[in-house]
Structures are given as structure tokens and as C-alpha cells.
*Asks:* 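This is the structure I want to talk about, given as C-alpha cells.
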Amino acid sequence: MMTKTLRQKLRDDLNFVLTNLGPRRAWSRLAGRISLWRQPLFTRLALWIWNRFDPLELHDSPAQRYASIHECFTRPLKPDARKIAPEPEIFCSPCDGILGAHGRIEDGMLFQLKGKSYALQDLVGPTDEHHPWRDGHFVTIRIKSNMYHRFHSPCKGTLTRSQYFPGDAWNVNPPTLSRVNQLFCRNERACLHLHTAQGDWIALVPVAAIWVAGIRVHALEQTDWRDWTNPRPLTPGFEVRKGEEMGWFEHGSTIVLISPASLRMCEGLKEGDRLWMGQALLRRCADAT
């Protein structure tokens, strides 16, 4: 008789194979074009099928009949659908999602799950030994395909720098994370630098994924920022409010939030928890180590 562990392994193996079929970038570009089709019958059928496998969370978005799959996956929230943690020492979740690996960055190393680590500089670009992130903290948030796909600022501050990293389009689900080393450093991603009035440096790293891979950043919409493969200072910087929408994914994906050691995880949160954009995630603590 097949054990529960073996059944789970076989399911994960099948999921990994079916959701990471190559060429991933070509499939993603094709899926992106299909998602833009404004064919009512096709759109309703596609969303009906998707809803059978992974129920779409549409209750917090304005009621409407979507003209395309793209419209559904980039849907906005209703006004006041999320409460933004108001305390100035609190940094809120930038998106809806599932809390993944998180913890202290030790000697410039993070981990995507137990036993699989990756270097901070491979994720965000070169950092020196005195950089505040090298011994800071990181939080990984996975946005599933049925969730709200826009991301927001975790704090009040200034968007000061941006860098774009072209890359692959691996799935970012647990079966793939357990099989592909340094996955977040291999996928297409951006690194957005935020600076607060209190002197905190925050990195928001949206990581794209398979199928409708793609990242949009509102502050950079009129620029050629996808050519910025070296860090580009933004002069003047863009002021953002806590909870202000910064951009979106065109499908489910992941955000890695990088913070200095002066911030730490709010109490009571653990891996696997469901997060909502705006809820308390990190707290500024003068005695944090």
C-alpha cells in the first residue's frame, strides 16, 4: 500500500513537471498574449475552469464582468477593503499572500526553505560588508494565482532606486522551491529601494513566475526601466504613503521584503500563515538584534 508520504511526493513530482515545462519564458509570453484576448465567451470559460481548480478571491474587488483574463488577474481592491496598520513603527504586508521563509540574514545569506540558501547579493545586486541588509531580516510572501495581485508600499518613504533583473520563469510554489536552487535569484525580478524618514532602508523584491510572468511598477511606467540592469538612482525620488499601490504582477508570484536589523517580525506570525495587504508584518525595535 502506498504511504501518505509517497503519495505526496508523487503529487509534488507531477506538479513540478507539469508547471515547469520548458521553454518557460516562451510559454509565459504566449500566455500573456492570450490573457489579453477580449473575447467574452473565452474569458468566462477560462475563469470558470480556473475557479474550479483554485477558487478566485473576487469578493474584495469591484463586481464586474471581466473582458479578459488579464483584467481579472490585475483587478483592484474595493475602497477600504484592507485596513492599513496605522502605527508609524509598524511596516505592513505589501500584498496578500502566504508567509513563507523568513528570518535573519546571516553573513549575507537567506534561505528559500530549510536546507536551500542563497546570497543576498545574488538577489538584490552587490552589497558591501557594512550594508544594513547583510545582517538584517527577510520575509518571503507567496502570492497564489487566485489572490489579489497588486503590491503596495510597506511604509511611508521614498522610492530612491530601482534595478531590473531579466531571468527565467520558474513556478514559485513549494514543490519547485524544494527542487530548484536559488530560484528567486534565477527568475525575472525587480529590486525597489525604499528609504524612510527614520533612516530605514527597505528592499521590495517582486519576483515573477511561470505563465503570465511580468511586473509593473507605477512610478516607472513612463520609463525604459527594464533596461536598468544596473542600479539606477531615481532623482527626484517618488514619495509613497504606507499602503499606497506601487504596481502589480500579471499572475501569482512572490515578494521578498528585505529590512535592516532594526526591524523584526511582529509576534504571532509563522510560516504558512495567510497575510493580507496592510496587516502588521514588521516592527521597528531599538533593541532588535
Side-chain angles (χ1 to χ4, degrees), residues 57 59-61 74-105 110 123-124 132-133 136-144 147-162 184 189-207 215-219 237-249 252-286 288:
E57 298 182 352
H59 57 283
D60 287 335
S61 296
T74 60
R75 60 191 180 273
L77 288 171
K78 295 176 182 176
D80 303 320
R82 297 287 183 273
K83 181 179 179 181
I84 308 301
E87 301 87 348
E89 72 276 11
I90 291 293
F91 291 66
C92 67
S93 175
C95 58
D96 287 7
I98 306 297
L99 180 59
H102 58 276
R104 188 69 182 264
I105 301 171
L110 303 74
L123 181 72
V124 305
W133 295 338
H137 295 88
F138 74 98
V139 181
T140 309
I141 306 172
R142 178 188 168 214
I143 307 173
K144 294 180 62 179
M147 295 177 178
Y148 169 68
H149 296 107
R150 302 194 180 203
F151 56 90
H152 299 243
S153 178
C155 57
K156 179 181 178 181
T158 305
L159 178 61
T160 62
R161 264 170 117 74
S162 174
F184 300 140
R189 65 197 183 281
C191 182
L192 308 175
H193 296 229
L194 289 166
H195 190 227
T196 71
Q198 292 75 26
D200 308 296
W201 284 99
I202 304 294
L204 200 65
V205 185
V207 183
I215 302 166
R216 298 291 181 271
V217 180
H218 296 326
F238 297 90
E239 300 294 327
V240 291
R241 304 181 306 276
K242 183 194 291 188
E244 181 177 345
E245 184 181 312
M246 295 185 69
W248 68 59
F249 291 107
S253 195
T254 289
I255 284 184
V256 183
L257 185 64
I258 309 292
S259 73
S262 57
L263 305 183
R264 62 186 174 202
M265 183 79 71
C266 292
E267 292 182 3
L269 293 176
K270 62 184 184 302
E271 190 168 339
D273 282 353
R274 173 61 195 266
L275 298 178
W276 304 94
M277 190 282 291
Q279 82 174 74
L281 182 64
L282 298 169
R283 179 185 296 274
R284 184 185 297 108
C285 301

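Basis for what follows: all heavy atoms, side chains included, without hydrogens, waters or symmetry-related copies.
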*Asks:* To the closest 0.5 Å, what do you measure between CD1 (I258) and SG (C191)?
*Replies:*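 Going from CD1 on I258 over to SG on C191, the span is 8.0 Å.
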
*Asks:* Going by side-chain hydrogen bond (donor to acceptor under 3.5 Å, both in side chains), name the residues that satisfy it together with R241, two or more places apart in sequence or in a different chain.
*Replies:*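 Scan of R241 (side-chain hydrogen bond (donor to acceptor under 3.5 Å, both in side chains), adjacent residues dropped) gives none.
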
*Asks:* Between P94 and L281, what is the shortest heavy-atom contact and its length?
*Replies:*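 Heavy-atom minimum between the residues: CD-CD2, 4.2 Å.
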
*Asks:* List the atom of P260, the atom of W201, and the distance in Å for their closest heavy-atom pair.
*Replies:*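 Closest approach of P260 to W201, heavy atoms only: CD-O, 3.1 Å.
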
*Asks:* For the residue pair R189 and T254, establish whether any side-chain heavy-atom pair is separated by less than 4.5 Å.
*Replies:*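 When only atoms from C-beta onward are counted, T254 and R189 do not touch, as no gap falls below 4.5 Å.
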
*Asks:* Within the 4.5 Å heavy-atom criterion, are H152 and M246 side-chain neighbours or not?
*Replies:*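 Not in contact.
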
*Asks:* Can you name the nearest heavy-atom pair linking W248 to E245, along with the distance?
*Replies:*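 Between these two residues, the closest heavy atoms are CE3-OE2, 4.3 Å.
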
*Asks:* Calculate, to the nearest 0.5 Å, the distance between atoms CD and SG belonging to E89 and C266 respectively.
*Replies:*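 Output value for this atom pair is 9.0 Å.
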
*Asks:* Please identify each residue that fulfils side-chain hydrogen bond (donor to acceptor under 3.5 Å, both in side chains) with H149, with sequence neighbours left out.
*Replies:*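 H149: no side-chain hydrogen bond (donor to acceptor under 3.5 Å, both in side chains) contacts found.
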
*Asks:* Using a strict threshold of under 4.0 Å (side-chain N to carboxylate O), is an ion pair present between D96 and R150?
*Replies:*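 Salt bridge flag = no for D96 with R150.
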
*Asks:* What do the steps show when you test L263 against I202 for side chain to side chain contact (heavy atoms under 4.5 Å, CB included), and what is the final call?
*Replies:* CA-CA 10 Å; L263 305 183; I202 304 294; 3.6 Å; yes

*Asks:* Taking A85's backbone N and O only, do any of them form a donor-acceptor pair with K242's side chain (distance below 3.5 Å, no angle check)?
*Replies:*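 Present.
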
*Asks:* Where do F249 and T74 come nearest, in terms of heavy atoms and distance?
*Replies:*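 Scanning both residues, the minimum pair turns out to be O-CG2, 3.9 Å.
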
*Asks:* Please name the pair of heavy atoms, one in F151 and one in P206, separated by the smallest distance, quoted to 0.1 Å.
*Replies:*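 Taking every non-hydrogen atom into account, CZ-CG, 3.9 Å.
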
*Asks:* Take atom NZ of K83 as the centre, draw a 6.0 Å sphere, and report whether it contains more than 12 heavy atoms from other residues, nucleotides or ligands.
*Replies:*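 Incorrect, the count does not exceed 12.
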
*Asks:* Measure the spacing between CG of L204 and OG of S259 and express it to the nearest 0.5 Å.
*Replies:*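 So the gap between those two atoms works out to 11.5 Å.
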
*Asks:* Show the nearest heavy-atom pair for residues T196 and C155, with the distance to one decimal.
*Replies:*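 Answer, listing the atom of T196 first, then C155: CG2-SG, 3.8 Å.
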
*Asks:* Determine the interplanar angle of the W133 and H193 rings, folded into 0 to 90°, and report it as parallel if under 30°, tilted if 30 to 60°, perpendicular if over 60°.
*Replies:*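 Aromatic pair W133/H193 classed tilted.
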
*Asks:* Report the distance from atom OG1 of T140 to atom CZ of F184, rounding to the nearest 0.5 Å.
*Replies:*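 Separation between the atoms: 5.0 Å.
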
*Asks:* Could you tell me if the side chain of M277 sits less than 4.5 Å from the side chain of L77, heavy atoms only?
*Replies:*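 In short, these two side chains touch, coming nearer than 4.5 Å.
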
*Asks:* Taking the side chain as every heavy atom from C-beta outward, state whether S153 and L194 have any pair of such atoms under 4.5 Å apart.
*Replies:*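 S153 vs L194: side chains touch.
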
*Asks:* What's the separation between atom CG in D273 and atom OG in S93, rounded to the nearest 0.5 Å?
*Replies:*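 Result: 11.5 Å between the selected atoms.
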
*Asks:* Hey, could you give me the CD/SG distance between E87 and C92, rounded to the nearest 0.5 Å?
*Replies:*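 Separation between the atoms: 10.5 Å.
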
*Asks:* Would a 4.5 Å heavy-atom cut-off, applied to side chains only, mark L282 and R264 as touching?
*Replies:*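 SC-SC contact between L282 and R264 ruled out.
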
*Asks:* Quick one, E271 and H102 - any side-chain contact, counting heavy atoms below 4.5 Å?
*Replies:*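 Heavy-atom side-chain distance check passes, below 4.5 Å.
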
*Asks:* For a 4.5 angstrom cut-off between non-hydrogen side-chain atoms, does I141 reach L257?
*Replies:*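 They are not in side-chain contact.
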
*Asks:* Could you tell me whether the side chain of F91 reaches within less than 4.5 Å of the side chain of R284, counting heavy atoms only?
*Replies:*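 Heavy-atom side-chain distance check passes, below 4.5 Å.
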
